[in-house]
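Read through the structure below, which is laid out as structure tokens, and then see the notes.
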Amino acid sequence: MPELPEVETVRRGLEPVLSGARLSRVRANRPDLRFPLPDGFVQRLTGARILRLDRRAKYLLAPLDRGDTLVMHLGMTGRFEIAAPSSDRATRPGDFAREVKPDDKHAHVVFETEEGATVTYYDPRRFGFMDLIPTDRVDHHPWFATMGPEPLSDAFGARTLVAAFNGRKQGPKTLLLDQKTVAGLGNIYVCEALHRAHISPFKPSGLIAGKRLGPLTTAIKDVLAEAVEVGGSSLKDFAAADGALGYFQHRFRVYDREGQPCPTPGCKGTIAREVQAGRSTFFCPVCQV
DNA sequence: AGAGCTACCTGAAGGC
DNA sequence: TGCCTTCAGGTAGCTC
């Protein structure tokens, strides 16, 4: 499910209840998610204080006062729900409320804090994963060591793409999905960014003129920032930790819009869908060249 | 090294 | 109603 904007939305929802909180009780209702939970998962977490809640790409990072960092990835269908003693949820406008079906079957990990909040991790498809990594080793862990820059940071710029695309035959769709190029993009936002930049997902990346990579960089930053601002995209499983739905799906220009007119002003094209590298690519064959 | 494919696992949705 | 097929936002690991 979640790409960078959705994970950032989850982070912002969880931060008030987890940052600075001490874990009084942790339950793992099964020994594995996508991967086995690490040895002593429950014991190493119980009693620990969460110093902060950070995000790197699509990962949530919770450094603990005991030297480990709890690393969490939501996979495709991972979701957190907060049951807090305070009235945070009740203060949400009614039209944001999400009908949550009872889903004990997929409640895999439950965190309870000394402050009285319960945070439950649900993941029907179980593509998500959690691990405990010594905090001073996180940057060297295989998940992070080769990861590209954060797309919304100054570390990501046109020169990032110039270097990544140089001489490559694969289309930009494929290279932008590769977390080593830039970290945090997924299928939806790559499709959207390429459409905004009017670049074909299939054009050999090495043949894309360098002067077009500045606008592509801008398109990536813009689409992500706009999505973060409205709480991500709610498709099927995604809702913020407080149950609020994201709204960016209403702003999709190409994703899941096969057969609809291209929204580019003056373009008479029709949005098409093709499978590329095993994933659905949505694009306008007319204005994306 | 780079490119392309599959696997992981489950649920939802559509066709018949 | 029910069975079957197809598809899904991510990542890792295999082969050529």
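Sequence lines set the chain letters: A, B, ... in the order given, protein chains first and strands last, and positions in each chain run from 1.
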Q. Which dot-bracket string describes DNA chain B (Watson-Crick N1-N3 plus N6-O4 or O6-N4, or G-U N1-O2 and O6-N3, all under 3.5 Å; [ ] crossing; | other strand)?
A. .|||||||.|||||||

From [options], nucleotide with atom closest to [X] side chain:
X: A:Tyr59; options: C:dT11, B:dG11, B:dC9; result: C:dT11
X: A:Pro124; options: B:dG11, C:dA8, C:dG10; result: B:dG11
X: A:Phe35; options: C:dA12, C:dT11, B:dC9; result: C:dA12

Specify the separation, in whole Å, of atom [atom1] of [X] and atom [atom2] of [N].
X: A:Phe127; N: B:dG11; atom1: CZ; atom2: C1'; result: 12 Å
X: A:Asp123; N: B:dC8; atom1: CG; atom2: P; result: 17 Å
X: A:Met72; N: C:dG10; atom1: CE; atom2: P; result: 19 Å
X: A:Asn187; N: C:dA8; atom1: CG; atom2: P; result: 8 Å
X: A:Met76; N: C:dT11; atom1: CE; atom2: P; result: 10 Å
X: A:Asp131; N: C:dA12; atom1: CG; atom2: C1'; result: 15 Å
X: A:Arg279; N: C:dT6; atom1: CZ; atom2: C1'; result: 16 Å
X: A:Asp32; N: B:dC8; atom1: CG; atom2: P; result: 14 Å

Taking all non-hydrogen atoms of both residues, which atom of [X] and which atom of [Y] are closest, and how far apart?
X: A:Leu132; Y: A:Pro38; value: N-CG, 3.6 Å
X: A:Phe282; Y: A:Val254; value: CB-O, 3.3 Å
X: A:Ser24; Y: A:Thr46; value: O-CG2, 3.7 Å
X: A:Ile82; Y: A:Gly13; value: CD1-O, 3.4 Å
X: A:Glu226; Y: A:Phe248; value: CB-CE1, 3.8 Å

Could you check whether the rings of [X] and [Y] sit parallel, tilted or perpendicular, using 30° and 60° as the cut-offs?
X: A:His73; Y: A:Phe129; result: parallel
X: A:Tyr255; Y: A:Phe252; result: perpendicular
X: A:Tyr121; Y: A:Phe80; result: tilted

Q. Is NZ or CZ of A:Arg125 both nearer than 6.0 Å to the six-membered ring centre of A:Phe127 and within 45° of the ring axis?
A.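 Cation-pi check for A:Arg125 and A:Phe127: passes.
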
Q. Using 4.0 Å as the upper bound for N to carboxylate O, is an ion pair formed by A:Arg49 and A:Glu114?
A.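 No, A:Glu114 and A:Arg49 are not salt-bridged.
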
Q: Run the salt-bridge test on A:Glu15 and A:Arg11 with the 4.0 Å N-O cut-off and return the result as yes or no.
A: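 Answer for the salt bridge query: yes.
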
Examine [N]: is either OP1 or OP2 under 4.0 Å from a nitrogen or oxygen in the side chain of [X]? Give yes or no.
X: A:Ser280; N: C:dA8; result: yes
X: A:His73; N: C:dT11; result: yes
X: A:Tyr255; N: C:dG9; result: yes
X: A:His106; N: B:dC9; result: no
X: A:Lys58; N: C:dG9; result: no

Q. Hey, does A:Arg125 reach any base, or is it just sugar-phosphate, or nothing, if we go heavy atoms under 4.0 Å?
A.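 Here A:Arg125 touches the bases of the nucleic acid.
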
Q: Please answer: with hydrophobic residues joined when any side-chain heavy atoms are less than 4.5 Å apart, are A:Val71 and A:Phe41 in the same cluster?
A: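 No, it is not one cluster - the side chains of A:Val71 and A:Phe41 are not joined through contacts under 4.5 Å.
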
**Q.** Pairwise P distance, B:dT6 and C:dT6 [rounded to whole Å]
**A.**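 Between the two P atoms, the distance is 14 Å.
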
Q. How does protein reach along nucleotides 1-7 of chain B, written 5' to 3' as B (base within reach of a heavy atom under 4.0 Å), S (only sugar-phosphate), or - (no contact)?
A. -SSS--B

If you restrict it to nitrogen or oxygen atoms, what contacts under 3.5 Å exist between nucleotides 14-16 of chain C and the protein, and what is each distance?
none

Q: Keeping to residues at least two apart or across chains, list the salt bridge (charged side-chain N to carboxylate O under 4.0 Å, His left out) pairs with something in residues 22-33 of chain A.
A: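 Qualifying pairs, neighbours excluded: A:Arg22-A:Asp65, A:Arg25-A:Glu112, A:Arg27-A:Glu112, A:Arg30-A:Asp32, A:Asp32-A:Arg126.
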
Q | Nucleic acid contacts of residues 140-152 of chain A, taken as heavy-atom distances under 4.0 Å to DNA chain C | A |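 Under 4.0 Å from DNA chain C: A:Trp143.
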
Q.
With side-chain contact (heavy atoms from CB on, under 4.5 Å) as the criterion, how do A:His195 and A:Thr264 come out once you've worked through the C-alpha distance, each side chain's angles and the decisive distance to 0.1 Å?
A. CA-CA 9 Å; A:His195 179 263; A:Thr264 299; 3.2 Å; yes

Can you give each donor-acceptor pair under 3.5 Å made by side-chain atoms of residues 180-188 of chain A, sequence neighbours left out, with the distance rounded to 0.1 Å?
| unit_1 | atom_1 | unit_2 | atom_2 | d |
| --- | --- | --- | --- | --- |
| A:Thr181 | OG1 | A:Leu175 | O | 2.8 |
| A:Asn187 | OD1 | A:Lys173 | NZ | 2.7 |
| A:Asn187 | ND2 | A:Ser280 | O | 2.9 |

